[in-house]
Amino acid sequence: MARVYQVPHHAFGWLVAGTALAALPHLLHGPFWLQALLPLAVAGRLVMQRGRLSVPGRGLRVLLLGGVLLGTLYSHGTVLGPEAGTCLLVGAFALKLLEMVRLRDAYVLLVLGYFVLATSFLFYQGPLAAAYSLLVLLCLTAALPGINRPEAGLRSAVHGRLAAVMLLQALPLMILLFVLVPRVGPLWSLEFNQQRARTGMSDSMAPGEVSNLSQSTELAFRAEFHGAVPPPAQRYWRGLTYSWFDGRRWSQARPRDLPQRDYVWFAERAGTPPDWAVDLLAAREQGPELAYRYRVVQEPSRRNWLYTLAVPFADDRSLGLVRDMRLVSQQELEQRFAYSVTSYPGLAGQIPLADGERAFMLQLPEGFNPRARTMARQWRDQAASPQAYAQRLLNWFREEPFYYTLQPALLGEHSVDEFLFDSRRGFCEHYASAFVFMMRAAGVPARVVAGYQGGDLNPLGNHLSVHQYHAHAWAEIWLEGHGWVEVDPTAAVAPARIEQGLEMALEASDFSLLRRAGDRVPGLRQLRQQLDYLQFAWQKWVLSYDQTQQMSLLQRWFGRASLMTTGLLLALGAVLIVLVLALWVLLRHRAPGRTALQREYRAMLRLLRRRGVAVSEALPPRKLAGQVRQQWPAAAALVEQWARLYEHSTYAKAPGGANVTGDTKAPGIRRPKRALRQLRRRLRWVRGPGAARTVQDAS
Amino acid sequence: MDSLRRALTQVGKVVLGKDEQIRLAVACLLARGHLLIEDLPGMGKTTLAHALARIFSLHYQRVQFTSDMLPADILGVSIFNADSKSFVLHKGPVFAQLLLADEINRATPKTQSALLEAMEERQVTLDGETHPLPQPFFVVATQNPVEQGGTFPLPESQLDRFLMRISLGYPSPQAELALLAAGDRRTEALDLKPALTVAELQQAMAAVEQVHVSADVLGYLQRLLEHSRASGLFVAGLSPRAGLGMLRAARAWALLGGRSYVIPEDLQAVLVPVCEHRLQPVSGGAARSGVVRLLEAVPVVP
């Protein structure tokens with residue numbers, strides 16, 4: 001029967017707590033069998049610790065491991081990828097708890113625990129996850145010295161205190177490494193499970209979709225302002241524009257004869273910028289009066305468009321500026337993404353309408369909405385200018401009984417007609433859609449803009465938190481001499497939506513659809529703001545600390561040195577610090593004045609212990625030799641010789657001193673330290689005390 | 001050196017199977033310390049004391065302590081001599097080179113302290129006149145640990161005057177058989193031939209003081225003392241006097257072992273007899289196990 005390794009009592013709690021807590025985050029998203037396996041393994045270990053159960057046999061172990069493998073395949077369909085990989089890892093980790101046969105296994109388990117803990121950051125990165133991982137670190141780090149102290153009667157708290165001190169000592173180093181270690185892009189990209197769909201704007205819009213979206217309380221992004229925050233009525237976060245209408249659905253589209261190169265401009269790519277971008281940059285140089293500077297931290301959206309105020313310029317040259325005054329990234333946002341932007345609302349009129357674009361912005365499908373078309377033509381003929389026509393339309397929205405509601409009526413084939421003349425109940429997308437339709441029908445270029453309007457201002461961080469319930473759609477029309485002009489028909493129907501937010505604009509029956517009733521409780525709102533601020537600060541300072549930020553920080557510290565020089569300097573500094581620390585530790589270790597002979601004695605004790613001879617440090621040389629004679633007879637002669645020499649060179653009177661009793665002369669050795677070392681080294685070739693062990697086991 | 005070894009062998013022939021205790025007792029005398037033997041009656045305490053006195057050819061006196069004893073019964077008394085019209089000092093039994101104080105805990109504290117003062121000062125003051133005690137001067141006291149009725153247990157401060165406290169314990173089966181076969185040993189003790197003259201004994205005592213103590217051994221001793229104070233095993237730790245006593249005893253032990261230098265084993269050998277009676281365990285547990293734990297806890301090499 002295999003003997004069960006007994007974790008020392010005082011370390012057992014730390015070990016089990018550390019391993020269980022390290023695996024716990026994975027259970028939150030893991031499959032059901034994993035959730036069952038870990039408690040079972042912990043329980044099994046508890047029983048083993050009591051000595052009631054022995055280590056499972058080889059067959060059972062293979063069976064269990066196979067079960068974990070099959071379970072992973074069953075739950076994830078693969079053993080590759082982050083989810084399946086960690087599932088397999090945590091399963092094997094739990095089984096290792098049962099397979100602790102020797103001290104070495106306990107080490108493996110604990111070191112694996114650190115790794116398992118690290119993998120949980122693949123899934124959770126918030127400030128709470130970080131605090132939790134500190135707790136797990138404490139447990140694991142307390143268990144490490146614990147399993148190395150076999151003596152009974154120690155209190156567990158001793159290890160906890162030691163671990164806490166060690167972690168505190170490691171903290172400065174951790175911060176230093178966090179700041180200085182080069183951020184290398186991932187060597188491989190992790191493909192997360194696509195099932196985790198994201199809510200948010202899509203590249204097309206049909207009636208009812210934005211109103212659905214606005215019932216979600218998920219965070220879309222946060223924007224932190226440096227300086228003035230725009231007033232609520234100007235917080236139009238433009239994400240994308242829809243310029244293609246198929247009668248029901250608005251879609252994002254690019255005019256067919258406008259080349260991609262002329263449509264999106266990536267500053268970091270070679271080549272001259274398109275003409276409109278050159279004009280924009282020139283206009284920016286003249287210093288427009290109004291500018292907002294802010295940094296957006298956007299939640300992963302799986303889309304490549306970013307949310308900014310009108311006419312954004314990004315600091316990050318890898319982002320693209322699109323002709324319809326918005327920013328896009330080159331990849332879809334699989335992870336939280338931060339970007340700094342300066343927006344110039346005054347530059348909106350600078351972008352000309354390209355040759356092919358006018359027709360494109362007037363596109364309407366044939367055969368739909370005849371009533372609206374007729375009215376548009378009539379009104380346009382009566383109006384002196386497109387502005388007057390747009391104003392008349394807005395007034396009409398305002399004065400006629402149009403309703404702003406989350407529960408619009410279902411619309412049929414002629415959606416615009418039905419909305420404008422029959423139901424007159426709609427959410428922002430209905431108004432935007434109808435308005436743009438009416439504009440285009442009257443020959444005014446127009447498009448729908450989708451994004452978010454507003455944002456909850458958090459006074460703690462001077463940032464706006466924009467949630468999915470801020471989703472909004474509005475319109476832009478092209479006016480000769482003014483360029484693109486923003487028009488929000490919703491503002492005409494429900495001005496409160498723009499000024500005060502959604503909940504103020506809705507009727508009572510709609511309000512219950514918003515799952516944010518708690519906001520009306522003042523204390524809760526404050527708490528939410530504080531939590532929001534904490535999370536934002538964490539994202540800003542910790543999660544979004546990337547290569548760009550690192551470089552700018554280092555440049556601020558070390559000036560405009562090249563990357564190479566900075567790197568070399570930092571590496572040199574790190575080596576120096578480590579050297580000084582090592583030297584300090586070494587010197588401090590010798591500080592109590594341990595002589596060479598005393599170190600030799602400790603070395604012998606260590607050697608004997610390594611070879612499995614139970615020796616206490618309270619044994620003087622002769623008794624030590626006596627112990628060796630009992631436990632490791634093969635080495636007895638050597639150790640006795642060593643003990644005699646040690647005793648004589650350490651305790652006897654220095655040469656020249658008179659001998660009182662005329663005892664035997666020193667063994668005639670001039671360099672005792674070396675002789676002792678040589679004797680000790682010869683022990684290496686002596687076969688281990690295997691025989692002594694069997695005697696012990698038998699007893 | 002040989003004479004010392006011979007002395008040990010000879011005493012061993014009288015007190016059978018107690019080589020360790022004999023050696024401790026001799027070491028105690030060589031270290032100029034007083035010895036307290038604590039044991040049941042009939043275990044050979046008195047025989048050991050007799051044998052020690054004989055073997056070192058010491059002038060020997062024995063006092064059986066009782067509760068009605070007065071200090072004068074030990075120290076002596078001045079008596080007016082009518083013929084010479086002057087006080088003549090009649091010296092008490094304390095004026096001996098080896099005093100066997102049997103059942104010391106039966107005497108009243110007053111009498112005990114008179115003896116203990118003599119032990120410390122190695123002189124006696126009677127009627128304002130100071131009389132030095134003979135050289136060398138040893139006290140071997142015995143006490144019965146079990147029978148406590150009508151006794152006055154020695155207080156800690158006075159126990160401290162004894163360098164060592166040993167107990168003999170029952171003999172081993174072989175030793176007991178030999179003892180039963182040969183009959184009472186006390187007469188044999190009296191017949192022992194001296195192995196050392198007093199002068200030789202004093203020479204040996206001087207040699208003890210010459211035994212080398214290395215810094216390593218001093219460090220070990222200091223750590224032992226330190227640990228007795230810091231470990232919380234005892235009500236109070238060992239005093240510096242106890243440390244000095246340890247050192248003297250260890251030197252004597254080393255000399256008996258034929259060495260001119262002290263090794264940690266010497267300290268470990270004398271630790272229990274020297275320290276056990278000076279330490280009071282915190283709660284319950286015997287002082288002995290406390291001292292043994294002390295021994296196990298302190299590393300020989302820092």
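Residue numbering restarts at 1 for every chain, and letters A, B, ... go by the order of the sequence lines. All values below come from the heavy atoms of this structure, side chains included, with hydrogens, waters and symmetry mates left out.
B:His34 pairs by the ring pair (Phe, Tyr, Trp, His ring centres under 6.0 Å) definition with B:Phe137, not counting sequence neighbours. Applying the side chain to side chain contact (heavy atoms under 4.5 Å, CB included) criterion to A:Ala618, with sequence neighbours excluded, gives A:Ser616.
Interface remark: B:Leu295 contributes backbone atoms only to the contact with chain A (heavy atom separation under 4.5 Å). Using a 4.5 Å cut-off between heavy atoms, A:Leu619 contacts chain B through its backbone alone, with no side-chain atom that close.
For the pair B:Tyr220 and A:Pro620, the minimum side-chain heavy-atom distance is 4.5 Å or more. Looking at heavy atoms from C-beta onward, B:Val301 lies out of side-chain contact with A:Glu617 at the 4.5 angstrom threshold. Annotation: side chain of B:Asp216 is not in contact with side chain of A:Tyr601 (no heavy-atom distance under 4.5 Å).
Annotation for A:Lys673: atom NZ does not count as buried by contact number, only 12 or fewer foreign heavy atoms lying within 6.0 Å. Atom CZ of A:Arg682 has 12 or fewer neighbouring heavy atoms from other residues, nucleotides or ligands inside a 6.0 Å radius. Summarising the local packing, NE2 of A:His9 is surrounded by 12 or fewer heavy atoms from other residues, nucleotides or ligands at distances under 6.0 Å. Crowding of A:Arg609 atom CZ: a count of heavy atoms from other residues, nucleotides or ligands under 6.0 Å exceeding 12.
A side chain to side chain contact (heavy atoms under 4.5 Å, CB included) with A:Tyr651 holds for exactly one of B:Asp266, B:Val217, B:Val213, B:Val262; it is B:Val217.
Formation of a donor-acceptor pair under 3.5 Å by the B:Glu265 side chain with backbone atoms of A:Arg622 is found in this model.
Annotation: B:Tyr261 is in aromatic contact with A:His648 [ring centroid separation under 6.0 Å].
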